[in-house]
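As the structure lists them, so they are numbered: ligands from 1, and atoms in each ligand from 1. Just so it is clear, the structure is predicted and the values come from calculations on it, not from any experiment.
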Amino acid sequence: MTERKRILTGIRPTGSLHLGHYAGAIENWVRLQHEYDCSFLIADYQVSDYADDITHVRQSVWEVALDWLGAGLNPEGSNFVIESLVPEHTELTTLLSWFLPVSMLERNPTLKAEMAAIEEGEEPGSERKPVPVAFYTYPVMQVANILMPRAHLVPVGEDQLPHIEMTREIARRFNNRFKDVFPEPDALVGRVPRLVGIDGNAKMSKSRNNTIDLKDDAATVTKKIRGMYGGPPRGATEPGDPEENPIFLYLAAFDPDESEVAELRKRYETEGVPNKELKELLTARLNDLLEPMRERRAYYEARMPDVREALEQGTKRFQVLARETMEMVRDGLDLNYLEKY
Ligand code: TRP
C-alpha cells in the first residue's frame, strides 16, 4: 500500500468555534479525514494575547477539542495536537526563520491586518495594545507547524492563504539549498470562504459578537436568527434583491435543498417573501445541521478524560513525525556536530 498523503491544519484556541470556521474549513477536515493522514493542531503559541490571558487560552484548548469532536473529527484516525507540547515547533521556527526575508513578513497582508487591529484596538470592545514580537513572527511558526509533519495539503479559511504561500516559498528554498525534505503543500479553502456575520458585517468573528457557535443550543440559534440582519428595510410583501439579504447567503450555504432555495429567491424577487418566513426556514435548517454536533459534543463533555486522552495520544503520535523531520532538517543543515567531527 502506498503511503497516504498528509494534512496539517489548525486553529488558535481563542474560544468556541462558529459556523464561519465550519463552512470555511472544518467541513473539509471532516470530509478529508478518511483520505489523508491528518494532524489537527491547537496553536496555543499563536494567540495574540497569549501572555495576557493564559487562563483563557487554556480553557479554549478544551473548547476547541470539544467543538472538533462535535463536528465529527475522529481523534483515533487523526492526531489532535497541542502545539506547545511539541517543542520541536519552536526549534523548527528558529531554523526556518533563516530562510525568510523580513520583507516577506512585512508584506504579509493577513499579518498586517491583524497587527493593525491589535495596535488600533479596532476590534469592538478591545483596547489598544502593543504587538508582541512572538505575534509578529507567528506566521513562521505556522510554517513550522505545516512543515513539521511534511504536510501535502492545508485546508484552511481564505485569510490563511498568504501563510501557505510563505510555507511553499520556505519549503522550496530549504529543499533547493540543503536537502529535499518538504513537499510544497497546497492550500484548500472551504465551500464558503468567508461567511458574513449575523449583523451583516463582512466576516463572522467572535470579537464582533456576530457569530452562531457550533455549540449554541436550539433556543439560542432561534433567537440569534430572529435578530439577524435581513437586508435593507422592506415591506413584508415587497420584492427585493436576494443578493442584498444575507439570509440568502446563509440559506445557500446551509440549506441542503437547493431547489427550495431557488424557489424562494424567485418569489423574493417577484412578489416578496417576509424575512420572518426566511428566518424560520433558516433556523430549522441550521438546527438540523447543528443538532448532531451538539449531541456528540455533549457526549464528550460528559467524558472529559477521553478528550484528554485524545489530545495526549494525538500529540504523542505527532511527536514521532516531528522527531523524524527534525532529524532530516538537522542533517540537511549539518547540525550534527557530535556525530561528524
Ligand atoms: N493561523 C491559523 C488561524 O488563525 C491557525 C493555525 C496555526 C494554522 N497553525 C496552523 C492553520 C497551521 C493551518 C496550518 O486560524
Distance-only donor-acceptor check, side chains Gln160 and Gln142, under 3.5 Å: yes
Non-neighbouring partners of Glu301 that pass salt bridge (Lys or Arg N to Asp or Glu O under 4.0 Å), sequence neighbours left out: Arg297
Parallel, tilted or perpendicular: rings of Phe40 and Trp29 (30°, 60°): parallel
Within 45° cone and under 6.0 Å: Arg12 NZ/CZ vs Tyr138 ring: yes
Identify the protein atoms, limited to N or O, that lie within less than 3.5 Å of an N or O atom of ligand 1, and list each pair with its distance to 0.1 Å.
| unit_1 | atom_1 | unit_2 | atom_2 | d |
| --- | --- | --- | --- | --- |
| ligand 1 | 1 (N) | Gln142 | OE1 | 2.8 |
| ligand 1 | 1 (N) | Gln160 | OE1 | 3.0 |
| ligand 1 | 4 (O) | Gln160 | NE2 | 3.4 |
| ligand 1 | 9 (N) | Asn145 | OD1 | 2.8 |

N/O donor-acceptor pair under 3.5 Å between Thr220 side chain and Asp216 backbone: no
Nearest non-hydrogen partners of Gly230 and Pro246, listed with the distance: C-CD, 4.4 Å
